[in-house]
Amino acid sequence: MKDEDHTPTQVWRNHRLRQIMLFVTIPGVLLGTASMTAAYSSGWMTPAPPKPVCQPTVVPAPARGSFTVNVMNATGVDGTAAKVATGLTKRAFKVGGISNAPESWYVTQPAVVHHGPAGLDQALLTAAQIPGAKLFEDVRKGTSVDVVVGIGYKDLVPMPERLKPIPSEVSVNVYNTTYKTGLAKVVADEVKARGFKVKDVSNDPLQTMQLGTAVIRYGEDGDLAAALLKQHVPGAELLKIDRKGTRLDLVIGNAYTALTPEADVPPLPARPRSEVPTVARPCKDG
C-alpha cells in the first residue's frame with residue numbers, strides 16, 4: 001500500500017522505521033568494510049602459502065649383484081617364480097631362493113618386494129624391473145629382498161640393448177687340435193696382443209679333431225663375444241654350446257694359417273657414455 005492509503009499515524013511510523021534501518025545498516029556496512037580492510041592489511045585474511053611439495057631423494061643405485069633376491073610365487077601358476085628368477089639373472093641380479101609363497105598370501109599386484117630398513121635402495125632397484133610392483137618393509141636385517149609375484153604379473157621390463165663387447169671384456173680359452181705342437185700358445189699370444197683375455201691354453205679338453213680353420217664355442221650369453229672374436233679368425237665356425245657366461249673356446253683346426261690382419265678387422269662401434277644407475281627414495285611427509 002502507498003503512504004496516501006495509510007493514516008497519518010501509520011505514515012509517521014513507517015517513516016520512523018526507515019530512518020532507524022538506515023541508521024543501523026549504513027554504519028554496519030561501513031564498519032564491516034573497514035574491518036575487512038584492516039584484516040587484509042594485517043595479513044589475517046591472506047591465504048596461507050602452500051606447503052612445499054616433497055621431492056624423492058635420488059641416490060646411486062646399489063650394484064645389482066651386491067645383494068640377494070629371493071623369488072616367491074603367489075600367482076597359482078606353476079613356474080612363474082622360476083621364470084621371473086631367470087629374467088632377473090639375465091639382468092645381472094643375484095638370485096637366491098625360488099619357492100612358492102605361503103597359501104595364505106593373496107597378492108593382487110604384479111609383485112610385492114619385501115625388504116628391511118637397510119634394503120630400501122635394493123628393493124627400489126628390484127621393483128623397477130616389474131611394472132606396478134609395490135614395496136613392503138619388514139623387520140629383516142641386511143639388504144636381501146623377497147620378490148613375491150602376484151596375480152597381476154605380466155612381464156619384466158624390456159631388457160636394455162646389449163653393448164657389443166670390446167676385446168678386453170672377452171675371455172678366451174685357446175685349444176689346439178692339430179699335430180703342430182705349441183700352436184695353441186702361438187695363437188694365444190697373438191690373440192692376447194689384440195686385447196683379449198686369454199685363460200686356458202692347451203690341447204682341446206673335448207678331444208675333437210677340427211679339419212677347418214677353427215671353431216669358436218660359446219654359450220647363450222656369449223654370442224656377441226663370439227662374433228667379435230670371429231672377426232679376428234678368418235673362416236672360423238661358430239658353435240653354440242650349453243655354457244653359462246660369456247667365456248669362449250677358440251679351437252684351432254688343421255686349416256688354420258693366421259689371424260686376420262689387424263688393418264682388415266672392422267673398427268669397434270662407438271659406445272654411448274655410461275650413466276650411473278639411480279633409485280629415487282620416496283619422501284616421508286611430516
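Model, not experiment: these values are computed from the prediction. Counting begins at 1 with the first residue of the sequence.
Transitive grouping of hydrophobic side chains (ILVMFWY, heavy atoms separated by less than 4.5 Å) brings Leu183 and Val198 into a common cluster. Both Tyr256 and Val174 sit in one connected hydrophobic cluster of ILVMFWY residues. Membership requires side-chain heavy atoms under 4.5 Å apart, directly or through other members. In terms of hydrophobic clustering, with Ile, Leu, Val, Met, Phe, Trp and Tyr side chains grouped at heavy-atom distances under 4.5 Å, Val148 and Val69 are assigned to different clusters. With hydrophobic clusters built from ILVMFWY side chains whose heavy atoms lie under 4.5 angstrom apart, Val77 does not share a cluster with Val149. Taken together through direct or relayed side-chain contacts under 4.5 Å among Ile, Leu, Val, Met, Phe, Trp and Tyr, Ile130 and Val113 form part of one hydrophobic cluster.
Checked against ring pair (Phe, Tyr, Trp, His ring centres under 6.0 Å), His114 has the following partners two or more places apart in sequence or in another chain: Trp105, Phe136. Among residues two or more places apart in sequence or in another chain, the salt bridge (charged side-chain N to carboxylate O under 4.0 Å, His left out) test is passed with Asp189 by Lys185.
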Yes or no on side chain to side chain contact (heavy atoms under 4.5 Å, CB included) for Leu259 and Val233, after CA distance, side-chain angles and deciding distance? CA-CA 5 Å; Leu259 295 180; Val233 187; 4.0 Å; yes

Assess whether side chain to side chain contact (heavy atoms under 4.5 Å, CB included) is satisfied between Thr108 and Tyr106, documenting all intermediate values. CA-CA 6 Å; Thr108 59; Tyr106 182 66; 3.3 Å; yes

Under the criterion side chain to side chain donor-acceptor pair (under 3.5 Å), I'd like the reasoning laid out for Thr260 against Asp264: C-alpha separation, chi angles, the key distance, then a yes or no. CA-CA 7 Å; Thr260 303; Asp264 296 336; over 6 Å; no

Is there a side chain to side chain donor-acceptor pair (under 3.5 Å) between Tyr175 and Asp200? Walk through the geometry before answering. CA-CA 8 Å; Tyr175 296 137; Asp200 189 21; 3.2 Å; yes

Where do Val59 and Asp121 land on the side chain to side chain contact (heavy atoms under 4.5 Å, CB included) test, with the steps shown first? CA-CA 8 Å; Val59 297; Asp121 294 348; 3.9 Å; yes

Please step through side chain to side chain contact (heavy atoms under 4.5 Å, CB included) for the pair Val170 and Leu229, ending with a clear verdict. CA-CA 9 Å; Val170 178; Leu229 180 60; 5.5 Å; no

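Side-chain contact check for Phe67 versus Ser144: every heavy-atom pair is 4.5 Å or farther apart. Looking at Asn70 and Val145, their side chains never come closer than 4.5 Å, going by heavy atoms from C-beta outward. Leu124 has its side chain out of reach of Thr126: every pair of non-hydrogen atoms, C-beta onward, lies at least 4.5 Å apart. Annotation: side chain of Gln129 is in contact with side chain of Leu88 (closest heavy-atom distance under 4.5 Å). Leu239 is not listed as a side-chain neighbour of Tyr218, based on a closest heavy-atom distance of 4.5 Å or more. Annotation: side chain of Val58 is not in contact with side chain of Val279 (no heavy-atom distance under 4.5 Å). Residues Ile216 and Asp249 fail the side-chain proximity criterion, which asks for heavy atoms closer than 4.5 Å. Using a 4.5 Å cut-off on side-chain heavy atoms (C-beta onward), Leu120 and Arg281 make contact.
Contact detail for Ala225 and Thr246: the closest heavy-atom pair is CB-O, 4.1 Å. For the residue pair Asn73 and Gly79, the shortest heavy atom distance occurs at ND2-N, 4.3 Å. Residues Met72 and Ala101 share a closest heavy-atom pair of CE-CA, 3.9 Å. Closest of all the heavy-atom pairs between Gly253 and Thr177 is CA-OG1, 3.8 Å. For Ile98 against Ala85, the heavy-atom pair with the smallest separation is CD1-CB, 3.5 Å. Considering all non-hydrogen atoms of both residues, Ala74 and Val107 come closest at CB-CG2, 4.1 Å.
To the nearest 0.5 Å, atoms NZ (Lys164) and CD1 (Ile166) are separated by 14.0 Å. Taking CG of Asn100 as the start and OG1 of Thr75 as the end, the distance is 8.0 Å to the nearest 0.5 Å. To the nearest 0.5 angstrom, Glu137 atom CD is 9.5 Å from Leu135 atom CG. A distance of 10.0 Å separates CD in Gln122 from CZ in Phe93, rounded to the nearest 0.5 Å. Annotation: the span from Leu268 atom CG to Leu228 atom CG amounts to 6.5 Å, rounded to 0.5 Å. To the nearest 0.5 Å, the span separating CD1 on Ile252 from CG on Asn203 amounts to 11.5 Å.
Ion pairing between Asp221 and Arg243 fails under the 4.0 Å rule for side-chain N and carboxylate O. Between Lys83 and Asp155 there is no salt bridge, since no side-chain N of the basic residue sits under 4.0 Å from a carboxylate O of the acidic one. A salt bridge is defined here as a Lys NZ or Arg NE, NH1 or NH2 lying under 4.0 Å from an Asp or Glu carboxylate O, and Glu220 with Lys90 meets this definition. The pair Arg271-Glu169 counts as a salt bridge, with a side-chain nitrogen and a carboxylate oxygen less than 4.0 angstrom apart.
Side-chain atoms of Ser171 never come within 3.5 Å of backbone atoms of Arg247 as a donor-acceptor pair (strictly under, hydrogens ignored). The backbone N or O of Val157 lies less than 3.5 Å from a partner atom in the side chain of Arg91, making a donor-acceptor pair. Remark: side-chain polar atoms of Asn254 are paired, donor with acceptor, to backbone N or O of Gln210 under 3.5 angstrom. The backbone N or O of Thr178 sits less than 3.5 Å from a side-chain atom of Asn176, completing a donor-acceptor pair.
A donor-acceptor pair shorter than 3.5 Å can be found between the side chains of His232 and Arg194.
Among Leu248, Leu238, Val251, the single residue meeting the side-chain contact (heavy atoms from CB on, under 4.5 Å) criterion with Arg217 is Val251.
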